[in-house]
> 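Got a structure for you, written out below as structure tokens; questions coming shortly.
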Amino acid sequence: MPPLRPTREQIKRAQREGLDRMMRLAPHAPFWWARFVDAGIDPEHATAADFVRLPTTTKADLVADHAAHPPYGTTRTERATAYPRFHQTSGTTGVPMRWPDTPAGWAWVTECWAKIFTLVGTPPGEPVFFPFSFGPFLGFWAAFEGAARRGNMAIPAGGMSTEARLRMLANVEATTVCCTPTYALRMAEVAAAEGLELASLPVERLIVAGEPGGNVAATRERIELAWNADCYDHWGMTEVGPLATAVEGDKDALYVLETDCVAEILRREADEPVDAGEVGELVVTNLGRLGSPVLRYRTGDLVRAATTPSPVGLEFLRLEGGVLGRVDDMLTVRGNNVFPSAIEAVVRRFDGVAEYRVVVTESTSLTELRVDLEPAPDADATSIARDVGRALAETLNFRIAVAAVPADSLPRFEMKGKRVVREQSED
């Protein structure tokens, strides 16, 4: 197994060996055999040297394959009975895809999570708390079994109310909590209402994923203040696995586990790399999931490689600021381009905001934005709406309507928060 703090030479060697395996085995799947042939690559003799000749793969490509060959598509390299693990994508951006794993592939997924726990500083043996319901989404199961794999007590807290989860958390001596950023804030909100002082718990760190927040400084700081604990962002996808994390000593970036994948940052319009420090789309090839391979996968996430050395000496690819936005999330309003994460970065600076949502009203002629704010119990609704509106205009250089809404009128989320709501204008 490659070291957890590899040199660039060790990273390149692991990638070269991994690509040789992947290029040799991927054509066993009909989907990849066809793509190799279309690219002019001999599927029976492909090597790592042929890798860059492959075109990138999009989610639409995989969704179309699943639709044409239900229920699992044709990306599997082994017989159907070789896949005892079943997961599926969240369906946030479309129809969910079902994604099975072989025992070897699943072991690789959980080993990636074991590395993530090590990189954020979770000591082996200490309890890790998982406050969410366990459905078919890969991330929860992978993190849970990854913790158990490295010797941590993995504590499931599904099928419970937030109040019950908090009472349980107060008694199990967990030092690490895994959840979405939204739910970390929701637990803090409920704890305050219940008179529970989160800062008195032994929790030392939260690992958050599934949505923006952990990479948004204002949101991360709000979580850390409420919990008196460090907050680390994590990145992964059902299709490719858990492959990046913020680390102990550097919470302002994501480090890609490059011994387990090949990561490229390409232009959105072409299969070519961006210049150093330029924003591009993250494209990933995993190296350990040989039973369900994904090669040169366009993730839809916009990132930028850091051009300065890691402050903690890690030589993995360092994504400055984590995921900066998604290709399909950008909103264009009166000629201005804005990502929802940029709005969150402003809103979360205000302690007087309990929850918010972004309402996008679309018509044939224009798009308008409105931010609905639910004030905290002790906040003045008029003042907080005015102050947030002013801050948004100063930060984004255009005005956004801001409206205060009644207490408890906005939804709370356990999994991914869905704060962007689209409406059609009556005209």
> Donor-acceptor pair, T180 side chain versus A209 backbone, under 3.5 Å?
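Looks like no, no N/O pair under 3.5 Å.
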
> On a heavy-atom basis, which atom in V109 and which in A142 lie closest, and how many Å separate them?
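Scanning both residues completely, I find the closest heavy atoms to be CG1-CB, 3.6 Å.
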
> Does some side-chain heavy atom of L185 sit less than 4.5 Å from a side-chain heavy atom of T219?
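Yes, side chains in contact.
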
> Taking atom types as modelled and ignoring hydrogens, do the side chains of D250 and Y255 form a donor-acceptor contact shorter than 3.5 angstrom?
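A pair is found: one side chain offers a donor N or O, the other an acceptor, under 3.5 Å apart.
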
> Centre of Y83's six-membered ring, under 6.0 Å away, within 45 degrees of the axis: is that where NZ or CZ of R76 sits?
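Because its charged atom sits under 6.0 Å from the ring centre and within 45° of the axis, R76 does stack over Y83.
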
> Do the side-chain N and O atoms of T238 and T89 include a donor-acceptor pair separated by under 3.5 angstrom?
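No, because no side-chain N or O of T238 sits under 3.5 Å from a partner of the opposite role on T89.
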
> Using only heavy-atom distances, determine whether the side chains of T102 and E78 contain a donor-acceptor pair under 3.5 Å.
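Short answer, no.
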
> Between the side chains of T58 and R298, is a donor N or O closer than 3.5 angstrom to an acceptor N or O?
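Short answer, no.
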
> Does E281 come within less than 4.0 Å of R267, counting only side-chain N to carboxylate O?
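Salt bridge flag = no for R267 with E281.
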
> Determine yes or no for a side-chain-to-main-chain donor-acceptor pair under 3.5 angstrom, with W227 supplying the side chain and A184 the backbone.
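Confirmed, W227 side chain pairs with A184 backbone.
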
> Of all the heavy-atom pairs spanning P100 and Y72, show the shortest one and how long it is.
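Closest approach of P100 to Y72, heavy atoms only: CD-CD2, 4.0 Å.
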
> Give a yes or no answer on whether the side chain of T122 reaches the backbone of T176 with a donor-acceptor pair at less than 3.5 Å.
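Flag not set: sc T122 to bb T176 has no pair under 3.5 Å.
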
> Looking at D233 and K251, is any side-chain nitrogen of the basic one under 4.0 Å from a carboxylate oxygen of the acidic one?
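Answer for the salt bridge query: no.
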
> Can you sort out the partners of W108 under side chain to side chain donor-acceptor pair (under 3.5 Å), two or more places apart, ordered by chain and number?
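Applying side chain to side chain donor-acceptor pair (under 3.5 Å) to W108 gives D260.
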
> With a 3.5 Å distance limit and no angle check, can you tell me whether R222 reaches the backbone of F350 through a side-chain donor-acceptor pair?
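Such a contact is found between R222 side chain and F350 backbone.
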
> Should we count CD of E278 as having more than 12 external heavy atoms under 6.0 Å?
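Yes, CD of E278 has more than 12 neighbouring heavy atoms, counting only those of other groups under 6.0 Å.
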
> Please check if the side chain of T110 supplies one atom and the backbone of W106 the other of a donor-acceptor pair under 3.5 Å.
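Such a contact is found between T110 side chain and W106 backbone.
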
> So, H66 side chain and P71 main chain: donor-acceptor pair closer than 3.5 Å or not?
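No.
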
> E194 side chain to A191 main-chain N or O, any donor-acceptor pair under 3.5 Å?
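No: the side chain of E194 does not pair with the backbone of A191.
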
> The criterion is salt bridge (charged side-chain N to carboxylate O under 4.0 Å, His left out); which residues satisfy it with R412, sequence neighbours excluded?
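Partners of R412 under the salt bridge (charged side-chain N to carboxylate O under 4.0 Å, His left out) test: E189, E374.
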
> Between E126 and T175, do the side chains contain an N or O donor and an N or O acceptor separated by less than 3.5 Å?
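Looking only at side-chain atoms, T175 and E126 do form a donor-acceptor pair, the distance falling under 3.5 Å.
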
> Is the backbone N or O of S310 less than 3.5 Å from a side-chain atom of R318, with the two atoms forming a donor-acceptor pair by type?
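Between the backbone of S310 and the side chain of R318 there is no qualifying donor-acceptor contact (under 3.5 Å).
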
> Do V294 and T57 touch side chain to side chain, with heavy atoms closer than 4.5 Å?
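Heavy-atom side-chain distance check fails, nothing below 4.5 Å.
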
> What verdict does the ring pair (Phe, Tyr, Trp, His ring centres under 6.0 Å) test give for F144 and F134, after you've listed the backbone C-alpha separation in whole Å, the side-chain angles of each residue and the deciding distance to 0.1 Å?
CA-CA 10 Å; F144 186 86; F134 284 69; 5.5 Å; yes

> Does a donor on one side chain and an acceptor on the other come within less than 3.5 Å for R186 and T162?
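There is no such pair between these side chains.
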
> Would you check if the side chain of T245 reaches a backbone N or O of V247 as a donor-acceptor pair within less than 3.5 Å?
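Between the backbone of V247 and the side chain of T245 there is no qualifying donor-acceptor contact (under 3.5 Å).
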
> Heavy-atom count around R370 CZ within 6.0 Å, excluding the residue itself: above 12?
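Correct, the count exceeds 12.
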
> Under 4.0 Å between a side-chain nitrogen and a carboxylate oxygen: does that hold for R8 and E315?
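Not counted as a salt bridge, because no side-chain N and carboxylate O are separated by less than 4.0 Å.
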
> If you measure from the Lys or Arg side-chain nitrogens to the Asp or Glu carboxylate oxygens, is any gap between D372 and R357 under 4.0 Å?
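Answer for the salt bridge query: yes.
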
> Taking only residues two or more places apart in sequence, or in another chain, which ones meet Y232 in a ring-ring contact (aromatic ring centres under 6.0 Å, His included)?
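With sequence neighbours excluded, Y232 shows a ring-ring contact (aromatic ring centres under 6.0 Å, His included) to no residue whatsoever.
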
> Do the charged groups of R85 and E145 touch, with an N to O distance under 4.0 Å?
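Answer for the salt bridge query: yes.
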
> Rounded to the nearest 0.5 Å, what separates atom CG in L373 from atom CG in L410?
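The CG atom of L410 is 8.5 Å from CG of L373, to the nearest 0.5 Å.
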
> Start with the C-alpha distance between F86 and D101, add both sets of side-chain angles, then the distance that settles side-chain contact (heavy atoms from CB on, under 4.5 Å), and finish with yes or no.
CA-CA 6 Å; F86 170 93; D101 272 296; over 6 Å; no

> Can you find a pair of side-chain heavy atoms, one from L206 and one from C178, that are under 4.5 Å apart?
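When only atoms from C-beta onward are counted, C178 and L206 do not touch, as no gap falls below 4.5 Å.
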
> Give the minimum heavy-atom separation between I41 and D50, together with the two atoms involved.
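Closest heavy-atom pair between I41 and D50: CD1-O, 3.5 Å.
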
> Give the ring-plane orientation class for F137 versus F140, where under 30° counts as parallel, over 60° as perpendicular and anything between as tilted.
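Plane angle over 60°, so perpendicular.
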
> Identify the two heavy atoms, one from L295 and one from A26, that lie closest to each other, and give their separation to 0.1 Å.
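Distance-wise, the nearest heavy atoms are CD1-CB, 4.0 Å.
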
> Side-chain contact test, heavy atoms from C-beta onward, threshold under 4.5 Å: evaluate it for L198 versus L166 and give yes or no.
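A side-chain contact under 4.5 Å exists here.
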
> Give the C-alpha distance, both sets of side-chain angles, the deciding distance and a yes or no for side-chain contact (heavy atoms from CB on, under 4.5 Å) between I155 and F130.
CA-CA 6 Å; I155 301 174; F130 297 89; 5.5 Å; no

> Are the side chains of V262 and F51 in touch, meaning some heavy atoms are under 4.5 Å apart?
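They are in side-chain contact.
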
> Flag the pair W32 / F36 as yes when their ring centroid distance falls below 6.0 Å, and as no otherwise.
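Not under 6.0 Å, so no.
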
> Do T74 and D65 have side-chain atoms, one donor and one acceptor, less than 3.5 Å apart?
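Indeed, the side chains of T74 and D65 share at least one donor-acceptor pair under 3.5 Å.
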
> Assess whether salt bridge (charged side-chain N to carboxylate O under 4.0 Å, His left out) is satisfied between E355 and R419, documenting all intermediate values.
CA-CA 9 Å; E355 190 52 270; R419 293 191 177 84; 2.8 Å; yes

> Taking T285 for the side chain and R296 for the main chain, is one N or O donor matched with an acceptor at less than 3.5 Å?
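Judged by distance alone, yes, a pair lies under 3.5 Å.
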
> With side chains defined as the heavy atoms from C-beta onward, is the minimum distance between L314 and R5 less than 4.5 Å?
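L314 reaches R5 side chain to side chain.
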
> Between V358 and P340, is any pair of side-chain heavy atoms under 4.5 Å apart?
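When only atoms from C-beta onward are counted, P340 and V358 do not touch, as no gap falls below 4.5 Å.
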
> Would you check if V63 and M97 make a side-chain contact, meaning some heavy-atom pair closer than 4.5 Å?
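Sidechains of M97 and V63: in contact.
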
